[in-house]
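Before any comments, here is the structure.
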Number of protein chains: 2
Amino acid sequence: MVEKKTIKLDDVAKLAGVSKTTVSRVLNNRGYLSEKTIKKVHEAMDELNYRPNAIARQLFKQKTNLVALVFPTVDNPFFAELEAELEKRFDRLGYRVLMGNSQNNPKKERDYLKLLLNHQVDGLIVGSHNQGISEYKKTTRPIVSIERFVGKQIPVVSSDNYQGGLLAVQRLLNDGCKHIIHTNYPINLVSPNELRQQAYEDLMNKHNRKPITYSVSFDVSDEEKERVFRKMFQEHPEVDGIFADNDTNASLIIRIGKEFNRHVPDDLKVVGYDGANITRMLSPELTTVQQPIPEMATKAVELLLQLINGKTDVKSVTLPVKLINSTTA
Amino acid sequence: MVEKKTIKLDDVAKLAGVSKTTVSRVLNNRGYLSEKTIKKVHEAMDELNYRPNAIARQLFKQKTNLVALVFPTVDNPFFAELEAELEKRFDRLGYRVLMGNSQNNPKKERDYLKLLLNHQVDGLIVGSHNQGISEYKKTTRPIVSIERFVGKQIPVVSSDNYQGGLLAVQRLLNDGCKHIIHTNYPINLVSPNELRQQAYEDLMNKHNRKPITYSVSFDVSDEEKERVFRKMFQEHPEVDGIFADNDTNASLIIRIGKEFNRHVPDDLKVVGYDGANITRMLSPELTTVQQPIPEMATKAVELLLQLINGKTDVKSVTLPVKLINSTTA
DNA sequence: TTTTATATGTCAATCGGTTGACAGAAATTT
DNA sequence: AAATTTCTGTCAACCGATTGACATATAAAA
């Protein structure tokens, strides 16, 4: 087998009869160059089918144009849409995007942080919900978080969780629900969505109702989730309204409800959360609080770029949410 | 502001009172080293909070441990699950994964191919459906495709599309459907799922029925898709069975069907395709042909690694599909 | 005691581009 | 004709880690 040698800048220079620097100038459009030389160099590059080695360039420039997205998984409509929107925007700006699906595994989250610290990526967007990753406190390198508190120095992009909670619960109240239950992640996870629970409790208390919350961790199996929701219907047969923490769970709750002979929207009203495209497509009948995913992506990219470009006083932002009415109820 | 200097290997060497090579030996566990030296070096690294520069290492090693996934979008249950499964497997093997959502845009697909040729990634997994990307023919670098024919040299991982087509149509026939319509991508896209159409037509012909296919391009707006499906119901009011090209379209068709007062499964039977987790979660009532996504990911990773490791006769594989019965019908 | 194996460490070239410093030639000004 | 500006191009250091070649010291074997 013929050993295929990598063509390097030097080979191009030799063939074109110029120096390495001249070739580099042609590549980077730098300094003064004669038309003749440019042509010669381009011909040599074509003839040799030359491809500059990006790694060498990155080493010198101290920049990779890579960012990493650290989220629990891409296999979830909210994160999938968010990551897709982020990728689209970064791509336009000349950044490539590393997928870091942490599965809510602190080790993997740390690994990606190491990537950042090893100069392999220029910045990080974190949306996974691990706690106690102390490394975040040690670094001043560019990190933006989405819907999660990470540390004092790290700007957060989130949607208005308190308002979202109000919208959802108010809707259930308006629809005449008497016994409203809330499902949420375990609140020990440092996430702004505990504000939803706050809103739920505030509104319930205001109406002299007793708030009841069922917690389901994000990363347990579907079977475990089903178990919890069955328990919910068993322990609270009076329930007639549910404010679910996300649309997938809302959908699951509706299915479990059917087992208990509850039918939406007659016997049971459910409001979900997130309102991602895919969910709207596959479950259009679901009422939900929609997070402004494209806008959140835009903001997160904007903030990360500010950090990458050396800005120091980068501020967190909160974006408004919207109640999406179901198509059937 | 204090300029924060990057700590490099040389700084560690100086603090530990040894040479650069010695530090490198400690880092890479190479050659003979005294316990004492190892300890000294580690202490120096800790004290300086040293992080090796991965780019420099990559330059020397001529390996980035990066692979790119080029798919139309991650915002689709099938691709999302596939990419998540791929990422999980690559991560275990020490590879980081670049997201390349091509939106079926040939330019973006070419850009990612360039990344490969620029030595920025060690391999590529392509699943987007662009045509005429001639660059693929020029390269011998590691590429594996999923559910798509790219070129003679490039191994393909696909599921058994012909069998999937048979299962879907046979199911509709068994359920007593008399007028079955198939929806598909425009077949000019070089994809093995034209085999589904083949199966549909073969089976229809065998039963002396006239095959009717409606084509919807993958990347048009939801509104356009709705338009096409409405047209389908208008032009063929007799339709009582539909074999859809994917679950999202199946869900959309069911919704449009309701507009025409067709109710599943009484007046209309629909079989979707893909059977991704998210879809099963959000639309459990949908009958579908399930592709073995985890197995496809496993195979694709396996083949790509063979290529990366220099194997030359890497063979394409086809994996079996499964009909998933709806929960309600 | 001499030879050989094992342990410890240093030097300098290398991976493949990039760019500041500098030099000579041609064009323009004074 | 001399001085200045504009082109065109070369040289060598540099980005940061890796490793083959080599030197010396110590321990084990002959």
Side-chain angles (χ1 to χ4, degrees), chain A residues 3-42 44-45 48-66 114-122, chain B residues 3-42 44-45 48-66 114-122:
Chain A
E3 199 50 46
K4 216 173 159 183
K5 188 171 133 293
T6 317
I7 307 299
K8 52 177 87 166
L9 189 137
D10 212 22
D11 301 316
V12 177
K14 277 193 190 106
L15 181 62
V18 297
S19 77
K20 284 170 60 181
T21 311
T22 305
V23 179
S24 174
R25 284 225 182 94
V26 172
L27 275 174
N28 297 286
N29 248 319
R30 210 171 47 88
Y32 304 106
L33 289 165
S34 70
E35 280 304 321
K36 211 182 67 202
T37 305
I38 294 175
K39 190 154 165 283
K40 260 194 313 190
V41 170
H42 274 134
M45 293 199 300
L48 296 170
N49 200 12
Y50 169 71
R51 299 262 119 223
N53 184 318
I55 302 296
R57 185 178 275 155
Q58 288 170 6
L59 178 58
F60 188 91
K61 294 266 182 82
Q62 297 293 298
K63 189 152 199 304
T64 57
N65 279 324
L66 244 48
K114 271 184 204 147
L115 240 51
L116 176 66
L117 302 174
N118 290 357
H119 313 96
Q120 221 172 334
V121 300
D122 295 338
Chain B
E3 197 51 43
K4 216 173 162 183
K5 188 170 135 296
T6 317
I7 308 299
K8 53 178 84 166
L9 187 137
D10 210 21
D11 302 317
V12 177
K14 277 192 190 104
L15 181 63
V18 296
S19 77
K20 283 169 61 180
T21 309
T22 304
V23 178
S24 173
R25 284 226 184 91
V26 173
L27 275 173
N28 297 285
N29 246 320
R30 212 171 46 89
Y32 304 107
L33 290 163
S34 70
E35 279 306 320
K36 209 181 69 202
T37 306
I38 294 176
K39 189 152 166 285
K40 259 195 312 189
V41 171
H42 274 134
M45 293 199 300
L48 295 171
N49 200 11
Y50 169 72
R51 298 263 119 224
N53 184 319
I55 302 296
R57 184 178 276 156
Q58 288 171 5
L59 178 59
F60 188 90
K61 294 265 183 85
Q62 298 293 298
K63 189 152 197 305
T64 57
N65 278 327
L66 244 48
K114 272 183 204 146
L115 240 53
L116 175 67
L117 301 174
N118 291 356
H119 312 97
Q120 220 172 333
V121 300
D122 295 337

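In what follows, chains are A, B, ... by sequence order, proteins preceding strands, each numbered from 1. What you are looking at is a predicted structure, and each value in this text was computed from that prediction instead of being measured. All heavy atoms count here, side chains included; hydrogens, waters and symmetry mates do not.
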Nearest-0.5 Å distance that lies between atom CZ in A/Arg25 and atom CD1 in A/Ile38: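 Going from CZ on A/Arg25 over to CD1 on A/Ile38, the span is 11.5 Å.
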
CG-CG distance between B/Leu66 and A/Leu115, expressed to the nearest 0.5 angstrom: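 If we round to the nearest 0.5 Å, B/Leu66:CG and A/Leu115:CG are 8.0 Å apart.
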
Rounded distance (Å) that lies between atom [atom2] of [N] and atom [atom1] of [X]:
| X | N | atom1 | atom2 | value |
| --- | --- | --- | --- | --- |
| A/Arg30 | D/dC7 | CZ | P | 16 Å |
| A/Lys14 | D/dT10 | NZ | P | 14 Å |
| B/Gln58 | D/dT19 | CD | P | 14 Å |
| A/His119 | D/dC15 | NE2 | P | 13 Å |
| B/Glu35 | C/dT6 | CD | P | 19 Å |
| B/Lys61 | D/dA17 | NZ | P | 13 Å |
| B/Ile7 | D/dA17 | CD1 | P | 10 Å |

Per-nucleotide protein contact string for nucleotides 9-16 of chain C (B base, S sugar-phosphate only, - none; heavy atom under 4.0 Å): BBBB-BBB

Sugar-phosphate, base or nothing in reach of B/Asn28, heavy atoms under 4.0 Å: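 Sugar-phosphate contact only.
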
Donor-acceptor side-chain pairing of B/Thr22 and B/Ser19 below 3.5 angstrom: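 There is such a pair (donor and acceptor under 3.5 Å, judged by atom type) between the side chains of B/Thr22 and B/Ser19.
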
Distance-minimising heavy-atom pair for A/His119 and B/Pro52: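 A/His119 and B/Pro52 have their closest heavy atoms at ND1-O, 4.4 Å.
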
